[in-house]
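Naming: A, B, ... by sequence-line order, numbering from 1 per chain.
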Amino acid sequence: MTERRKPYPFDQIEPKWQTLWDERCAFRAPNPGEPDFDPNRPKYYILDMFPYPSGAGLHVGHPEGYTATDIVARYKRMRGFTVLHPMGWDAFGLPAEQYAIRTGQHPAITTRENIAKFKMQLKRIGFSYDWDREISTAEPDYFRWTQWIFLQIYNSWFNPETNRAEPISTYSGADPDAVRLAYVAEVPVNWCPDLGTVLANEEVIDGKSEVGGFPVVKRPMRQWMLRITAFARRLIDELDGLDWPDGIKLLQRNWIGASEGAVVRFAVAPAQLQAGGTAEEIEVFTTRPDTLYGATYLVLAPEHPLVDQLTTQEQRDAVAAYREQVGSKSDLERTDLAKDKTGVAIGAFAINPANGERVPIWIADYVLMGYGTGAIMAVPAHDERDLEFARKFDLPIREVVQPTEGEAIGFTGDGAAINSPLLNGLATAEAKTKIISWLEDNGRGRRNIRFKLRDWLFSRQRYWGEPFPIVWREGKHEALAESDLPLTPPPLDDFKPTGTGEPPLAKARDWVRYSEAATRETNTMPQWAGSCWYYLRFCDPRNADRFVGAEAEHHWMGGSQPAGVDLYVGGTEHAVLHLLYARFWHKVLFDLGHLSKPEPFQRLVNQGMILGEDGRKMSKRWGNVVDPLDVIAEYGADAFRCYEMFMGPLEQMKPWSMKGVEGVSRFLARVWRLVMEENQAGEWVLSPAVQDVPLEKRQLKMMHASIKKVSDDIEALAFNTAISQMMVYVNEFTNAPAKPVTAMRMLLVLLNPFAPHLTSELWEILNARFPDAARDITDCAWPLHNPDYLIEDEVEIVIQVNGKLRDKMTVAIDAADADVEAAALANPKVGELIAGKTIRKVVVVRNKLVNVVAN
RNA sequence: GCCGAUGUGGCGAAAUGGCAGACGCAACGGACUUAAAAUCCGUUUCCAUUAACAUGGAGUGCGGGUUCGAGUCCCGCCAUCGGUACCA
């Protein structure tokens, strides 16, 4: 097969300019204090979600967001901003470790190879990253500071008085370890017996391991936790000022899940207290304290600590059996299969504080230990789950809320209180307020807000991650000194899980032994750790003394806006976890005085997924993965970039189409041929049609309309319509006998952020013949449109009769409404249509239309 | 179940409440060519009427509503996709 002739010589142009940009460090962003730093230029920080460098390399989905940010970066530079546009690698992580387990290849080696491949691919697309700022989370120079930040968190606590993180030294209580933001707890983790390891939540799908599909069970283990729940309120409230999609804000709010309600204390019926038991009351959390009179039984989570004390002799065996049964259930069984309610009464009773009634206490696995107080008051008449449970076990159901219409039993909305002496007749909102006051006055409860958000399980039993800068001495943890950082993982030949749940680092006996009396922590941090603060390191990536220099941080992350990164683009898959974790770390560091602003990412945009040509998700399995390098080899990087943006709105999911790439490639070739032509020898030379001549009126209009449209569209990230406009621009000039050099230059400038190689080359060629402009197109200032050129003296307006289009006419711009109305009524078609009818109204919209209403 | 997004030609898509389908793909026709590719020009929502220029009607998932006028705003459905799931 002979190679098809290239529509224009992108295969020569693109490497040429990529090399030049590299040599000139064309996209270097100087920091304050550096010689070429210009304090008069405003800063603009444009960030991509950096990739995990997998073995498969990039597919065309990755560069979608990267292309969008690159266009904005190039555009903002031309608008006079100093743009920080960096790229790096989220280099710790499971796939490299799994690969190591299979092949014995050290993860550091595969990671290095994968990074090299990713970087080469990105460079071939012509992105304007400041490669001097490249970072990798797996390099000691980087993870040293990840460990340092962990120590900041470890050495802090959340002071509820000030609502801020503070150094642990300001805590006056007896046991600082009980309030640290990083703490150790025995918590249930995802234990996968077949893999012999603990899995992160994100590695568990439908109760089975992502790798291999083996069952996963909950098992309590000693784990490091981060106290993110202390920041729940702020993480919700401080979303308000951010320029994020509403859907993402909502997702985060729901994930954090604030519920307003009350804690109610139920006294345990005295005779029921067992020998040695001290529990006198049970705290429940409810969002419907107004239904207190309808609480006909209590349910505790099976793991609730009071269960042992409260269970009566007769019920011991049944309770033990039930707890055994629940404990052995996998997640899958407890959620998916176990929709059917189960539970067992423990024999004890409690007193409903509202009416003094004795109500039975049950345990059931539909009540979760991890939420609220791990105990509920069941109001079967007004809660679906309680109703189902009560019906199954024949427990009493009392209606206490009357809906405006319909059946009270099973009604969970707001209504009027009934059968509730203190509250009768009150609407739900008032009833809640009143009963809470009553509870508070009587010492039986208080107003309370609970969050769904759980503390962050921060340790992994893995090799390829940041080791904790912690040692254990006599069963107690203590921090390493900052001077001991970075703490590098030990070299290890055998990365396999131990099978016992003990981390692989435990195999490095010498490394683990810190001193005679102390041993190192052997857990490692999760992959999220490195990505929690990489945007900060980009501000000052080579700083050896601090995680980020104060001046650099202030410059790039400060400013007049509420937060630092001006534009952050990435996929929705990180809408919750990454963005929440990063905000949390940022707030801790902010509270401790290390940062200028409380929020990291001011403006967030999610790019939509690119599907395969068959409309399915791109995957090896379907064989529909497209490699950017293949596209670039055939059509060039500029066509690749433009097509990625021309496909449709950035946020939308859309399928790939090679035919579409071809179309965009034809457009770029037309741009090339506006300026170039082939001579007899088949060489491309500057076309003689390009002349220094004035523009015709309609050409001037086209030029200025395009400046306006392309500028507005880039600001709005509507790249597809910006490209459409440039296509129209090119079509306008394609058949013009002379191509005015002004118009050609203008087109190149507008197109430059999208197709930087092609436009750089043509700019250079034009400069050889018309040498009165900037030497390099990247030095050009972005143009401003002149609205005067967009004004017409005449305008075509639409004539409607009863809202239907009937005819058109041309009138003078801004013609008086009365004149337009008269002209419309004089129109023969209108006359025909309104014959015999009465004109009720004539609507005239200036320069748009006239609508005659008649019947 | 709950939350969110989306629904417009054969396809990707455009449209501050004011000419629905810009721009591109595909298809078809023409020019150039010995021929093809490439390039350039044109047609292309559907239905009906007409020899033809053309004319009429319908049309943005479905049903209502607001308005002189609705793809766009409001109410109620349906479908697809994504997230989440006993959170009291």
task: Could you verify whether a donor N or O on one side chain and an acceptor N or O on the other, from A:Asp386 and A:Tyr366, lie under 3.5 Å apart?
output: yes
message: Regarding B:rC68, can its base be found pairing with the side chain of A:Lys841 as donor and acceptor, where the two atoms are less than 3.5 Å apart?
response: no
query: Any idea which of B:rC86, B:rA58, B:rG24 is nearest the A:Met727 side chain?
result: B:rG24
message: Does either side chain, that of A:Glu644 or that of A:Thr67, offer a donor lying less than 3.5 Å from an acceptor on the other one?
response: no
- request: Would you mind reading off the distance between A:Glu678 atom CD and B:rA37 atom P, rounded to a whole angstrom?
  value: 18 Å
- prompt: Nearest of B:rC19, B:rC68, B:rC23 to any side-chain atom of A:Val843?
  reply: B:rC68
message: Can you tell me which nucleotide in B:rC3, B:rA88, B:rC19 comes closest to the side chain of A:Asn254?
response: B:rC3
task: Could you tell me the separation between the NZ atom of A:Lys659 and the P atom of B:rC25, rounded to a whole number of Å?
output: 10 Å
statement: Base-pair string, RNA chain B, Watson-Crick plus G-U, cut-off 3.5 Å on both distances, | for inter-strand, is (((((((..(((.....[....))).(((((.......))))).(((((....)))))..(((((..]....))))))))))))....
message: Side chains of A:Asp713 and A:Thr721 only: does a donor on one sit below 3.5 Å from an acceptor on the other?
response: yes
- prompt: Tell me: CG of A:Leu577 to C1' of B:rU84, nearest whole Å?
  reply: 12 Å
- prompt: Of A:Leu250 and A:Arg666, whose closest RNA chain B nucleotide lies nearer the 5' terminus?
  reply: A:Leu250
query: Does anything in residues 726-739 of chain A pair up under salt bridge (charged side-chain N to carboxylate O under 4.0 Å, His left out), and if so which pairs, sequence neighbours excluded?
result: A:Arg698-A:Glu732
message: For B:rG24 and A:Arg670 - does any side-chain N or O of the residue sit under 4.0 Å from the phosphate oxygens OP1/OP2?
response: yes
message: Of the options B:rC68, B:rG24, B:rC19, whose atoms approach the side-chain atoms of A:Lys808 most closely?
response: B:rC19
- request: Do nucleotides 10-17 of chain B as a string where each nucleotide becomes B, S or -: B if the base has a protein heavy atom under 4.0 Å, S if just the sugar-phosphate does, - if no protein is that close.
  value: --BSS-B-
task: Begin with the C-alpha distance, continue with both residues' side-chain angles, and end with the deciding distance and a verdict on side-chain contact (heavy atoms from CB on, under 4.5 Å) for A:Ile723 and A:Asn720.
output: CA-CA 5 Å; A:Ile723 293 172; A:Asn720 54 331; over 6 Å; no
- prompt: What's the closest nucleotide to the A:Thr734 side chain, out of B:rA88, B:rC40, B:rU84?
  reply: B:rC40
message: Nearest whole Å is fine: how far is B:rA88 C1' from A:Ile449 CD1?
response: 16 Å
- request: Under the side-chain contact (heavy atoms from CB on, under 4.5 Å) rule, what do A:Arg391 and A:Ile397 come out as? Steps first, then yes or no, please.
  value: CA-CA 9 Å; A:Arg391 283 187 168 146; A:Ile397 298 166; 4.3 Å; yes
field: Per A:Leu849 side chain, nearest of listed nucleotides B:rA88, B:rG18, B:rC40
entry: B:rG18
field: Protein-nucleotide distance (A:Lys452, atom NZ; B:rA85, atom P), rounded to Å
entry: 8 Å
